[in-house]
Protein chains: 2
Amino acid sequence: MNSKEIAKLAGVSRSTVSKIVNDYANVSDKTRKEVIEVIKKYGYVPHASARNLAGKFNKMIGVFITDVNHDSKKLRVIESDYFSPFTTAAIDYADELGYNVLVLVIDKNREFEKARKLLYNKTVSGGIFIGAENNVQEIFKLIKSGCKLVIIDQEKCKDKTLGKHIIVNSKNLEGAYNATKHLIEYGHKNIAHICGDMNKFSGLKRLEGYKKAMIEAGLPIENECIVEGDFTENGGYESAKKLLKNNKKITAIFASSDTMAIGAIKAIKEMGLVIPDNISIVGYDDIKIASYISPSLTTIRVSILNMVSIAVKSLVDFIEKDIKSSKYNTVPTELIIRESSKKII
Amino acid sequence: MNSKEIAKLAGVSRSTVSKIVNDYANVSDKTRKEVIEVIKKYGYVPHASARNLAGKFNKMIGVFITDVNHDSKKLRVIESDYFSPFTTAAIDYADELGYNVLVLVIDKNREFEKARKLLYNKTVSGGIFIGAENNVQEIFKLIKSGCKLVIIDQEKCKDKTLGKHIIVNSKNLEGAYNATKHLIEYGHKNIAHICGDMNKFSGLKRLEGYKKAMIEAGLPIENECIVEGDFTENGGYESAKKLLKNNKKITAIFASSDTMAIGAIKAIKEMGLVIPDNISIVGYDDIKIASYISPSLTTIRVSILNMVSIAVKSLVDFIEKDIKSSKYNTVPTELIIRESSKKII
DNA sequence: CACGCGTTCGAACACGTGTTCATAATATAT
DNA sequence: ATATATTATGAACACGTGTTCGAACGCGTG
């Protein structure tokens, strides 16, 4: 069933059908009604590709998730805590604006190349990259070649020759600062930090936030109190073991992600210590499990809804109306106090 | 950049470019190499819509999730436990076969109509429906009109006039039977059941499994021991309260989903009872939180990986090679024993 | 040289739509 | 009755590709 057949069946011309489908003027109410009747009767829907080809851009955006720790033979587990709400929210907001979402996971086995293809072959009219620290250079190339992109959690680019793009960040430094400050206000002095990947923007900024709070409070920043846990549960586990084995004075840990905090909790329990009586712990992200785990986790909530809403809306603006220049947005964080942190008496 | 320009730049004809892009014979190695060089240099990627329009079907499938309990203003929380691994796995498997995935969430606000459009306008070449009990009739219409679809957790259709389609189920009855039997083997006699939506296939089958195990063990099936909890956390919470208020003898509960079990656990704790000392509880699904919650939840694991793998592979077969007749698959379940169930002494 | 074969060309059509435009038919106002 | 505005037509072109086919080209072989 195509517009030609509909035109024939309705006894009008193809251009009239087109006008009706695309809501144009210069069609009498009578004709409009009659044609719509036929369209409904035969369940006619304009062919998406033909439409796209004929000039109308695709109402489809890509959500590109980089998942470095993913082994394609097993189902993602911890990683999906971030992925899931983000993607779900993106689908929701995109839908509100009449857009569809194509989700692509990029990992070691699935190369970045696929994202490029989807953008170049116009399957999607734009895309949102999340967790793409390792592909920044590739993304910049895409931007330079005119792709309409949003990057989540990425440092502002100083290169003025880079084309128009959109960046959405959460206030990583501020969040980490508040997490550490919370522990300081609870009377802790020996506060360790399990940090994330140092080649990731968020990992770096959160470390900075930790340091800032420590310095402000006049507390020493000791190298042996900072361990890198690469944002995985196992990384958190190993880091906590290392920290507590070497340093008996530690009374609190700030982990750069809830996932690592959960690993750390496991390690701490195994070592016979009690949370929060012996050790307080604060995470980051407020993933779902944070409130279900025992003890429930004090953490920094990143408003994914907020970030995604901004990301999708700006992207659609970019696609439909273009933007004058690059945009840089930040969204605030919030300290969520639960059972895993406790005042030192 | 299109094939015409590439042809010009490489000094060949457009048909030669096409042959190379589509891996056809009758092209000398020399020409092939030279043209590929130019293609790479200019980053040419054939326009997806043009290609699709010219006959080649789209390598894109839709994953349609029905989420009845979703309020579009808030982020899905509990619901995404099922959604997330399913979608992630679908993306993985589809990717392995060279397919992209378009995810659509259907709820009260987002009508089924959108799925129909995506199928009819050929945005996707086929689709997988999950949790679509309320839209079965609509789905059947799609199948009758020639759409290539997979339905997850849906009763086999007896209507022979229905077109070719694929159904993938987990063994709901068997799983529920094993869950109940597990409690019986642990010495429980007063076993209550919090069941899911009765208009959902899985809800019905799991209730049947519960009944079968009870009957087999010679235990009475009492109406006041069966409460409907509509698959939500709150439903589980309310159901448990109702059950335990009315019936003091109950020592075990089998909930038709982990989500409801989690709600029930909350209710039980609030009533001052201890799990598993006073009450044993078994869930269904083995969602991620089941192993993190305290006490960790005994449950029936549904191998989503397995189901999705079958769903995606059969769908791609259906799209590319067609199938002779409808297919009906079932995948086994597995009892995962954790802390929430205990032997009666 | 003649022949055959693999290679390449170039033109043409198809896919289904959007868009434009001169023209024609019809309705409305003067 | 005439002028004007509205509505509809049908043809034409564009979008970028796949596909097909007769013709031509270049090469080596007999």
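In this text the structure is predicted, and so the values were computed from the model without any measurement. Side chains are part of it too, since the values below use all heavy atoms of this structure and drop only hydrogens, waters and symmetry mates. First the proteins, then the strands, lettered A, B, ... as listed; each starts at 1.
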**Fill in**
Result for 5'-nearest mapping on DNA chain C, choosing between B/A25 and A/N2, is B/A25

**A/N22 side chain to A/R51 side chain, donor-acceptor N/O pair below 3.5 angstrom** = yes

**Asked** Looking at five pairs on each end of the helix from C/dC1-D/dG30 to C/dT30-D/dA1, what is the angle between the two axes, given to 10 degrees?
**Response** 40°

**Request:** Let me know the distance between CD1 of A/I20 and P of C/dT17, rounded to the nearest Å.
**Result:** 14 Å

**Prompt:** How would you label the contact of B/N22 with the nucleic acid (heavy atoms, under 4.0 Å): base, sugar-phosphate, or nothing?
**Reply:** sugar-phosphate

**Request:** Just compare C/dG18, D/dG16, D/dG10 and give me whichever is closest to any side-chain atom of B/A50.
**Result:** D/dG16

**Message:** Check the phosphate of D/dG10 against A/S13, side-chain N and O only, distance under 4.0 Å to OP1 or OP2. Yes or no?
**Reply:** no

**Request:** Look at A/K148 together with A/E320 and state whether they make a salt bridge at an N to O cut-off of under 4.0 Å.
**Result:** no

**Complete:** Between NZ of B/K8 and P of D/dG16 the distance, given in whole Å, is 14 Å

**Request:** Return the value, rounded to whole Å, for the distance between atom CG of B/N58 and atom P of C/dC15.
**Result:** 18 Å

**Request:** Using the six-membered ring wherever Trp is involved, compare the ring planes of B/F112 and B/F129 and label them parallel, tilted or perpendicular (cut-offs 30° and 60°).
**Result:** parallel

**Asked** Rounding to a whole Å, what distance do you find between B/Y42:OH and D/dG16:C1'?
**Response** 19 Å

**Prompt:** What nucleic acid atoms does A/S15 come within less than 4.0 Å of, heavy atoms only: base, sugar-phosphate, or nothing?
**Reply:** base

**Request:** Figure out the OH/P separation between B/Y120 and C/dT17, and round it to whole Å.
**Result:** 15 Å

**Asked** Counting any heavy atom closer than 4.0 Å, what does A/S18 reach on the DNA or RNA strands: base, sugar-phosphate only, or nothing?
**Response** base

**Message:** What is the separation between atom CG on B/N52 and atom C1' on D/dT19, rounded to the nearest whole Å?
**Reply:** 16 Å

**Request:** Could you tell me whether the side chain of A/D317 and the main chain of A/I323 form a donor-acceptor pair under 3.5 Å?
**Result:** no

**Complete:** Of the candidates C/dG16, C/dG18, D/dT17, the side chain of A/H47 sits closest to C/dG16

**Prompt:** Quick check: does any side chain N or O of B/D153 sit under 3.5 Å from a backbone N or O of B/I130, one acting as donor and the other as acceptor?
**Reply:** no

**Request:** Evaluate the side-chain proximity of A/L162 to A/K144: yes if any heavy-atom separation is below 4.5 Å, no if none is.
**Result:** yes

**Message:** Can you tell me which nucleotide in D/dT19, C/dT8, C/dG18 comes closest to the side chain of B/Y24?
**Reply:** D/dT19

**Message:** Of the options D/dA8, C/dT17, C/dT7, whose atoms approach the side-chain atoms of A/T31 most closely?
**Reply:** D/dA8

**Complete:** dist B/E113:CD -> B/I106:CD1 (nearest 0.5 Å) comes out at 10.5 Å

**Fill in**
Ranking D/dT17, C/dT7, C/dG18 by distance to the side chain of A/R14, first place goes to C/dG18

**Prompt:** Is the distance from OP1 or OP2 of C/dC9 to the nearest side-chain N or O of B/T16 less than 4.0 Å?
**Reply:** yes

**Message:** I'd like to know whether B/F64 forms a side-chain contact (heavy atoms from CB on, under 4.5 Å) with B/N135, so could you lay out the CA-CA distance, the side-chain angles of the two residues, the decisive distance to 0.1 Å, and finally the verdict.
**Reply:** CA-CA 11 Å; B/F64 306 118; B/N135 297 114; over 6 Å; no

**Prompt:** Over how many whole Å does the gap from A/N26 atom CG to C/dC21 atom P extend?
**Reply:** 14 Å

**Asked** To the nearest Å, how far apart are A/E5 CD and C/dT17 P?
**Response** 9 Å

